[in-house]
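In what follows, chains are A, B, ... by sequence order, proteins preceding strands, each numbered from 1. No hydrogens, no waters, no symmetry mates; every other heavy atom, side chains included, goes into these values.
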Number of protein chains: 2
Amino acid sequence: MGLPVRKNRTAPPPPTCALGECMNLLRPAWAANVVWYLGAAPRRFGELRRDLPSISARVLSARLRTLESQGVVERRAIDTSPPTSEYLLTDLGRELIPALRTIVAVGEQLKQRPPARPARHSR
Amino acid sequence: MGLPVRKNRTAPPPPTCALGECMNLLRPAWAANVVWYLGAAPRRFGELRRDLPSISARVLSARLRTLESQGVVERRAIDTSPPTSEYLLTDLGRELIPALRTIVAVGEQLKQRPPARPARHSR
DNA sequence: CTGAATCCAGTCGGATACTG
DNA sequence: CAGTATCCGACTGGATTCAG
């Protein structure tokens with residue numbers, strides 16, 4: 001995972017900047033959406049599946065585990081019958097919400113823009 | 001491009017939310033970095049290549065064209081000899097900078113965190 | 001319900017070579 | 001310098017199946 005790395009690099013690897021660190025978390029499909037929905041309220045696995053109608057269980061599971069391992073999401077096993085679990089953002093994870101809010105705002109404008117022209121050069 | 005779409009969906013497609021719209025722009029490799037560097041100052045193609053030491057010309061070119069087509073980046077041909085060009089953020093593109101700043105802040109903390117444990121469940 | 005495992009098609013992006 | 005074209009391996013993520 002992570003930014004693709006050149007194999008035949010003749011120069012030392014670039015100083016992995018902090019922007020890439022965090023984008024690596026948000027890049028995979030649905031990752032940002034999962035954080036976004038967890039920002040609204042703690043949620044269980046099945047709830048997230050309904051929030052994100054077309055996500056597959058495999059991917060949701062993978063996202064949650066990665067986000068958890070990075071300290072963005074916390075999982076709480078609830079000892080009921082049958083056993084359930086819920087996920088919530090950590091303090092670190094909550095820091096992402098304002099950023100995502102801004103990104104949503106840009107997204108809104110993108111949706112209302114004239115259809116994107118191809119933008120070719122020097123033809 | 002865009003979020004993967006299920007083929008065998010029995011329910012109507014989810015309302016493509018604005019978060020996904022914008023993340024689609026930032027998701028491809030180096031895209032956020034390109035915006036970030038352009039936020040600091042207008043830059044030429046070659047300058048960006050030096051800013052992002054391990055990006056390939058092919059990918060940089062592709063990112064710039066996509067960002068331009070979406071109205072986030074503007075290209076200005078400078079009629080010198082030899083002809084050069086420079087890229088800069090549009091007003092819309094500049095809206096992303098505060099968001100990226102927040103993301104960088106989270107990235108800083110991620111770098112200083114204890115090494116991510118695998119996080120497997122119910123073993 | 002909450003996941004994990006397997007399979008596999010489609011995409012992404014690096015390497016390389018070439019043009020104006 | 002500022003890109004574009006082609007080739008191709010690696011990775012992503014959907015579908016499906018199975019388990020606790």
Please compare A:L64 and B:V59 by the position of their nearest nucleotide in DNA chain C and report the one closer to 5'.
A:L64
Determine, for B:E74 against B:R76, whether the closest basic-nitrogen to carboxylate-oxygen distance falls under 4.0 angstrom.
yes
So which of B:V106, B:V104, B:V35 actually passes side chain to side chain contact (heavy atoms under 4.5 Å, CB included) with A:L19?
B:V104
Can you figure out which of C:dG13, C:dG3, D:dG13 approaches the side chain of A:P28 most closely?
D:dG13
Closest to side chain of A:R65, choosing from D:dG14, C:dA4, D:dT4
C:dA4
Find the distance A:R75:CZ to C:dT2:C1' and express it as a whole number of Å.
8 Å
Would you say B:R113 has more than 12 foreign heavy atoms packed within less than 6.0 Å of its CZ?
yes
For atom CG of A:L26 and atom P of D:dT12, their distance in whole Å:
15 Å
Under-4.0 Å side-chain N/O to phosphate OP1/OP2 contact, A:S85 with C:dG3
yes
Should B:R44 be listed as having a side-chain N or O under 4.0 Å from OP1 or OP2 of D:dA2?
yes
Any A:S61 side-chain N or O less than 4.0 Å from OP1/OP2 of C:dG3
no
Whole-Å distance separating the NE2 atom of B:H121 from the P atom of C:dA5
12 Å
Both B:A119 and B:R58 contact DNA chain C. Taking the nearest nucleotide for each, which residue is further toward the 5' end?
B:A119
A:L26 with A:L88, same ILVMFWY side-chain cluster at under 4.5 Å
no
Indicate whether OP1 or OP2 belonging to D:dG13 is found under 4.0 Å from a side-chain N or O atom of A:R63.
yes
Atom-pair distance (CG on A:L48; C1' on C:dC1), nearest Å
13 Å
